[in-house]
Amino acid sequence: MKNPVVTGGAGFIGSSVVRALLDGGAERVTVLDNLQSGYEKNLSDVADRVDLHIADIRDYDSIAPLIAGAPKVFHLAAIPSVPRSISEPVPSHTTNIDGTFNVLRAAAEGGAGRVVYAASSSAYGDTEVLPKTEDMLPMPKSPYAAQKLMGEYYASVFASCFGLTTTSLRFFNVFGPRQDPSSPYSGVLSLFMRCLLERRPPTIFGDGEQSRDFTFVQDVAELCIKASNAPAEVVSGNMYNAGNGGRVTLNETWRILCEIEGVSIEPVYGPPRAGDVKDSQGDTARAVRDLGHAPRFSFEEGLRLTLEWYRANS
Ligand code: UD1
């Protein structure tokens, strides 16, 4: 029996999925990563149980033999970021759409057991109603959102046309240890944490009243494993919200962080960002029902754990 495969397994979320697999009893995990935004150091403490292959999902021939026969494939490799997909649309398109097609094709042709795909809450766009439910019409506002939605459609079609078991999880603004704050495209919480620890004001794009369903990475990783264990006849071809179910504004988030740290720093406000969704909050009822989703970390617990990680690792 081959080992489970995690594409993007040296990245922020992927490396947490690798740990969740090992904690759940996997002997070894195969990781595919081109190390563009992932790092070997993200796997350093589990390196003796990981087979890391430096491979790019845009190159079908290099990934197909690694995926063939895998009991489970967790497809997390992607070029994330809404603004990056606007400033660099070509690599984001080829990785997120062509790369996802390659992973699904390799899994189907290679007889892999199933694929869990990292979709994105950005696919919803601005909905009139919150929380967002899976039956709402997607209204992507950015290339990234459109690409991630296409991946979902492909995952579903690979289930219906090629008999591959697939499940898509729409991630909602995941945060936690190992999120890389070093790029302007980094997730907002990693940037906020770095500012906080360096006692600098963060830049908030817009008025800061936009809200997000921030979800702690360990909860997301555990949900990925649950999705991979759920009965195929229930979950195959489906998409589920992988959020926490709450919603907090950026202004409130910065205020909570300052309170935890016992400081008072006024943010700097900049122009709103193109492609930005105003409010995001996922209804988790379907994921609870079909996948046994049970987030364990409150927003504040997640913030505290993450802050401690940055303090120890910066
Ligand atoms: C979007 C998706 C998310 C996906 C992510 C991948 C939505 C609702 N969410 O996240 O599921 O995982 O893309 O990259 O579409 N901001 C600041 N200052 C900063 C950086 C960001 O104010 O320095 C603001 C942004 O304008 C945005 C919010 O913070 O309003 C969150 O931004 P970011 O962390 O980049 O994630 P989303 O684009 O919301």
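Computed over heavy atoms, backbone and side chain alike; hydrogens, waters and symmetry mates excluded. Throughout, numbering of the chain's residues begins at 1 and tracks the sequence. Whatever order the structure lists them in is the order used to number ligands and atoms, beginning at 1. None of the values given here were measured: they were computed from a predicted structure.
By the criterion of a heavy-atom distance under 4.0 Å, the backbone of F171, and not its side chain, is placed next to ligand 1. With a 4.0 Å cut-off on non-hydrogen atoms, L191 touches ligand 1 through its side chain and not its backbone. Counting heavy atoms under 4.0 Å from ligand 1, residue R212 touches it through the side chain alone. Heavy atoms of D276 found under 4.0 angstrom from ligand 1 belong exclusively to the side chain.
A salt bridge links R304 with E300: the distance from a Lys NZ or Arg NE/NH1/NH2 to an Asp or Glu carboxylate oxygen falls below 4.0 Å. Of the charged side-chain nitrogens involved, none lies within less than 4.0 Å of a carboxylate oxygen, so that E152 and K148 do not count as a salt-bridged pair. Of the charged side-chain nitrogens involved, at least one lies within less than 4.0 Å of a carboxylate oxygen, so that D279 and R247 count as a salt-bridged pair. Salt bridge R296/E222: present, at least one basic N to carboxylate O contact under 4.0 Å. Salt bridge annotation for R178-D45: absent, with no cationic side-chain nitrogen under 4.0 angstrom from a carboxylate oxygen.
For ligand 1, the atoms lying closer than 4.0 Å to a non-hydrogen atom of Y144 are 6 (C), 13 (O). Using a 4.0 Å cut-off to heavy atoms of G187, the atoms of ligand 1 that qualify are 34 (O). Shown in contact with Q210 at under 4.0 Å from a heavy atom are these atoms of ligand 1, numbered in order with element: 26 (O), 30 (O). The distance from ligand 1 to the heavy atoms of S280 drops below 4.0 Å at these ligand atoms: 8 (C). Set against the non-hydrogen atoms of S120, the atoms of ligand 1 under 4.0 Å away are 2 (C), 3 (C), 4 (C), 11 (O).
The nearest heavy-atom contact from the protein to atom 15 (O) of ligand 1 is S122 CB, 3.1 Å. The shortest contact between atom 34 (O) of ligand 1 and any protein heavy atom is with V188 N, 2.7 Å. In terms of protein heavy-atom proximity, atom 1 (C) of ligand 1 is nearest to V82 CG2, 4.0 Å. In this structure, the protein non-hydrogen atom closest to atom 18 (N) of ligand 1 is T203 O, 2.7 Å. Among all non-hydrogen protein atoms, the one lying nearest atom 28 (C) of ligand 1 is L250 CD1, 3.9 Å. Nearest protein neighbour of atom 38 (O) of ligand 1, counting heavy atoms only, is R273 NH2, 3.2 Å. The single protein non-hydrogen atom nearest to atom 37 (P) of ligand 1 is N173 ND2, 3.5 Å, given as residue, atom name and distance. In terms of protein heavy atoms, atom 22 (O) of ligand 1 is closest to F205 N, 2.8 Å.
Checked against the 6.0 Å centroid threshold, F216 and F175 count as a close aromatic pair.
Between the side chain of D213 and the backbone N or O of F172 there is no donor-acceptor pair closer than 3.5 Å. For T284 (side chain) and A287 (main-chain N/O), no donor-acceptor pair under 3.5 Å exists by modelled atom type. A donor-acceptor pair under 3.5 Å is formed between the side chain of N102 and the backbone N or O of I57. T94 contributes a side-chain N or O that, together with a main-chain N or O of P91, makes up a donor-acceptor pair within less than 3.5 Å.
Any N or O atom pair closer than 3.5 Å counts here, and S81 shares at least one such pair with ligand 1. Among the atoms of L189, none of the N or O lies under 3.5 angstrom from an N or O of ligand 1. Taking distance alone, with nitrogen or oxygen atoms compared against 3.5 Å, V174 stays at or beyond that limit from ligand 1.
Taking CD1 of I79 as the reference point, atom CZ of R58 lies at 5.5 Å (rounded to 0.5 Å).
For the pair R84 and Y144, the cation-pi test (distance below 6.0 Å, angle within 45°) is failed.
Using a 4.0 Å heavy-atom cutoff, S121 is listed among the residues neighbouring ligand 1.
When all heavy atoms of L189 and T253 are compared, the pair lying nearest together is CD2-CG2, 3.5 Å.
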